[in-house]
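Here is how names work: the chains are called A, B, and so on, in the same order as the sequence lines, proteins then strands, and each is numbered from 1. As the structure is a prediction and not an experimental result, all values here were calculated from the model. Atoms considered below: every heavy atom in the structure, side chains included; atoms not considered: hydrogens, waters and symmetry mates.
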Amino acid sequence: MELAFPPFPSLLPKSHHLQPQPPSRSRPGRLQEPVMALAQAPPPWLALSLDEARSVHVPHHARPVQETRARPHASAARREPRFVSETKLITFHSSAGRLGAARKVFDGMGHRDLLAWSAMIGAYATRGIFDEVLALAVSMIREGVLPDRFLITRILQACAYAEDQRLGSVLHSMAIRRGFMGRVKDVPVGNSVLVMYVKCGELGRARAVFDKMRRRDLGTWNSMIFGCCRSCEWDEARRLLDDMRREGTEPGVVTWNTLISSYARSGDLDVAVDLLGQMEECGVEPDVVTWTSLVSGFVHSDRGDEALQWFIRMRVAGVEPNGMTIACAISACASLKLLRQGSELHCHAIKIGAVNNVLSGNSLVDMYAKCGEIVAAYRIFNEIPDKDIFSWNSMIAGYAQAGYCGKAYEFFCKMESYGIQRNVITWNTMISGYIRNGDDERAFELFQTMESYGMKKDTASWNILIAGSVHNGYFDRALRIFRQMQSVLIKPDYITILSIIPAFANLVAAWKVREIHACIFHHNLEMDGKIANALINAYSKSGDLAGACAVFDRHSSRNTISWNCIIVAHLLHGSPTKVVDYFFKMKQQGVLPDHATLTAVIKAYGMEGMVSEGREVFLNMDKDYNVTPDLDHYAAMVDLLGRSGRLQEAYALIDEMPLTPNLTLWESLLTSARMHGNVRLALLAATEMSMIEPNDPIIQVVVSNLQDLAGKSFDVPKVTVHGKERMFGGVESCSTEIRNMVYLFSTGDKVASEDVAAELKLMMVQTGLSMLSAGNGALEVEEEKEEVAGLHCEKLAIIAGISNSPPFRSIRIIKTARMCNHCHTFAKLVSEKYGRQILIKDPKYLHKFENGNCSCEDYW
DNA sequence: CTAGGGTTAG
């Protein structure tokens, strides 16, 4: 046999291979001894190559052996190659990237001393394979070999990474017993113990170690500050910042970055920005990490526009972004759906060579997908060399969002054969994709089967079903899922609550709003602005204005949205005076009104008949609040003018406005024309509506009825009228809750018993309302005449409510079509004679009947 | 030997 060992072709510089081997060094006889016959035994020129390889990174603790005794050892190796060279070989293989080979040598060793363990553990540690480090450390200690001060820090690093506090504390006490702690030169050991406790979340123990350290370096302070930030001990972190300066250690970039990134990630962006200023004042230049922390903080807080501003500020400061920065900025574009800026960043990523980087690649996939560029997303995805779970999940989400659930499912299925294990998010993404595309069946099927694939459902899986059901209008299904979730002991979280609240925002769910409100406290969930606002909405829409006010009064950080919620609530409940009050209070507290606020205020002035005040707001909104009037404002103005009978003015406003009128706008005009009996204008408005929505049968009927009323002399385009059966899509119905049961009533339902008929007769007598008179003689065109269809459903519901629910309880009815005049009068009279509050919600208004009056002031 | 920035679902 010429050559006992393969010449390790790629491991050494070429010159070594080409160098003729000195005959004296090849001693095949010795090399073929059993121990050395291990496939990976050292080649004869090893000693030489190791000397050469000193420039290669070698773990620190192994270095003294090489450096101090390289020469004598090298010669010893030739005489006694077994023992010494095995450890060296481990180091050699490892530094050349052959971890498996190193491990083989290590496993084959008979006796393993500290140096061998250090070499092996170091090899894994430098590659971040911490599980292996921990496993080896445990066996080492079991074999009775104790780590020295160098090795112990490496193992502690692994403990910190894996959050293995048990082994960590063992090493901590070992370090104390062996005298590695407390002396000046032991700062590194102390640091690594400190970091271990910090990463394990044991801030108290970390603090104890910190306090005992005699000497501290910058890293010590940084680690301790990091620990405090992690545990949200912000005051303590700031105190440490002061302390370190007092003790003569100036905070460095990392110190500042730790604080800035922690504040930014926790959403305290003002503080983060303030710290940036302090940092610059101290003469420390912000680096990529600083800027990236800010950009990512703003992205995280859903403030993408500001994130991009900070990105620009960074470029102005002359700091070059790296892959991470670009990834964050692209993610900002994704959430803002800024395709152009996103593509610009794409170019930038190419320029700095970060496109093939998984990180920026993934955010590009996400960005293109969110901007609807699914082909571009796939192109990027395809070119990411090491696709990870994020790449696949983003791609699946992209296809699902674009409506290609089949394609998404294809990727969902094939990813595992590409070596990427699906995680919960993959499953959740797929489920949410199906539910968002209306395929509830497949969504539920996946939801049910995921556990049999060994994937545990998490809160998000449940949240998706709840949010999807609410979004698709299946409120009771959402509630059922919510209950089921609790019965299998999955705790609802912030998102669960936020998703389910809208399901209760209707009149029949009044008690459920209180229940969910209590649920927040029961589960100790964060009650933030979003939840508070959702609650205000839900309380007000379920008819509980007092409940809405209570939430509003209690919640501290009110923004424009909060004020809008309470303002709209009062508008809905017919308290226009309060709307104006809140409007002034809001401005007084320095909260800027937005377009929604102004719409509500104009409507409120309209309800109060304060035409000139309303008009003033409308005319000056651009100047005063920097809000350009949109269609909603024009509709509110038409409403305001129409209520006071200024129909021509209302029409002129529509005629002269710079926007194209929409359905709501014409509907407002139609309503005012109807209320004031102006057939001509009503027909005009209805005709315009029919041209916008030519296929809406209800509009067709309205037009047809108005044409009849206006007489044949009036020249209008002839509109085909659909059959009346189709007009209501069956029968108009409404629901109400009586003694915790929800009942459904349909127009024309047979009056079931003699009792009810008698009750109705009695009510009629009591209220003095005749069955046939329609009240104020206004145009009745929006619903079928009662004589034809039978008794209207809300009358049935009112009768049932009055005779079956406890006295003084309010009667709450939700209906799908708008109220007719007769029912409206009936409800007013009943509310007075029977002393009951009656709430009836139709698609446009909430009518609150009390003491013979309605909150809509008979204009709806 | 120790310290800082990251992308996906609801």
Under 4.0 Å, counting only non-hydrogen atoms across every strand here, what does A:A467 touch: a base, just sugar-phosphate, or nothing? sugar-phosphate

A:K370 side chain, from C-beta outward: closest of B:dT7, B:dA9, B:dC1: B:dA9

Could you tell me if A:K370 sits above the aromatic ring of A:Y368, with its cationic atom closer than 6.0 Å to the ring centre and no more than 45 degrees from the axis? no

Nearest-Å distance for atom pair CG/C1', residues A:L240 and B:dA3: 14 Å

Just how far, in rounded Å, is C1' of B:dA9 from NZ of A:K457? 17 Å

Nearest of B:dT2, B:dG10, B:dG6 to any side-chain atom of A:R436? B:dG10

Base, sugar-phosphate or nothing for A:S296? Non-hydrogen atoms, less than 4.0 Å. sugar-phosphate

Using a strict cut-off of less than 4.0 Å between a Lys/Arg side-chain nitrogen and an Asp/Glu carboxylate oxygen, indicate whether A:R315 and A:E320 qualify as a salt bridge. yes

For A:V195, report the nucleic acid contact type (base, sugar-phosphate, nothing); a contact means any heavy atom under 4.0 Å. sugar-phosphate

Taking the cut-offs as 6.0 angstrom to the six-membered ring centre and 45 degrees off its axis, would you call A:R216 and A:W221 a cation-pi pair? yes

Testing B:dG10, B:dG6, B:dT8 for proximity to the side chain of A:S432, the answer is B:dG10

Could you check whether A:K387 makes a cation-pi contact with A:F381, meaning its NZ or CZ is under 6.0 Å from the centre of the six-membered ring and within 45° of the ring axis? yes

When the distance from CG of A:D458 to C1' of B:dT8 is rounded to whole Å, what number comes out? 13 Å

Rounding to an integer number of Å, can you tell me how far A:L259 CG sits from B:dG5 P? 12 Å

Taking B:dA3, B:dG10, B:dT7 as options, the one with an atom nearest any side-chain atom of A:L218 is B:dA3

Measure the distance from CE on A:M430 to C1' on B:dT8 and round it to the nearest whole Å. 15 Å

Winner on side-chain proximity to A:N428, out of B:dG5, B:dG4, B:dA9, is B:dA9

With the side chain of A:N463 defined as its heavy atoms from C-beta on, choose the nearest nucleotide among B:dG5, B:dG4, B:dG10. B:dG10

Atom OH of A:Y368 and atom P of B:dT8 are separated, to the nearest Å, by 17 Å

Considering every strand and a 4.0 Å limit on heavy-atom distances, what is the contact class for A:F226: base, sugar-phosphate, or nothing? sugar-phosphate

Could a donor-acceptor pair under 3.5 angstrom be found where the side chain of A:N222 meets the base of B:dG4? no

Side chain of A:I425 - closest among B:dG4, B:dT8, B:dT2: B:dT8

Whole angstrom value for the distance that separates C1' of B:dG6 from CE of A:M367: 17 Å

Measure distances between side-chain N and O atoms of A:N362 and base N and O atoms of B:dG6, and say whether any donor-acceptor pair falls under 3.5 Å. no

Give a yes or no answer on whether the side chain of A:D305 reaches the backbone of A:L308 with a donor-acceptor pair at less than 3.5 Å. no

Examine the base of B:dG10 for any acceptor or donor lying under 3.5 Å from a partner atom in the side chain of A:D493, and report the outcome as yes or no. yes

Any A:S192 side-chain N or O less than 4.0 Å from OP1/OP2 of B:dT2: no

Reckon A:H300 has a side-chain N or O less than 4.0 Å from the OP1 or OP2 of B:dT7? yes

Starting at atom CE of A:M244, determine the distance to atom C1' of B:dG4, rounded to an integer number of angstrom. 13 Å

Which of these nucleotides, B:dG6, B:dT2, B:dT8, is closest to any side-chain atom of A:Q157? B:dT2

Both conditions, 6.0 Å and 45 degrees, for the charged tip of A:K457 above the ring of A:F447: are they met here? yes

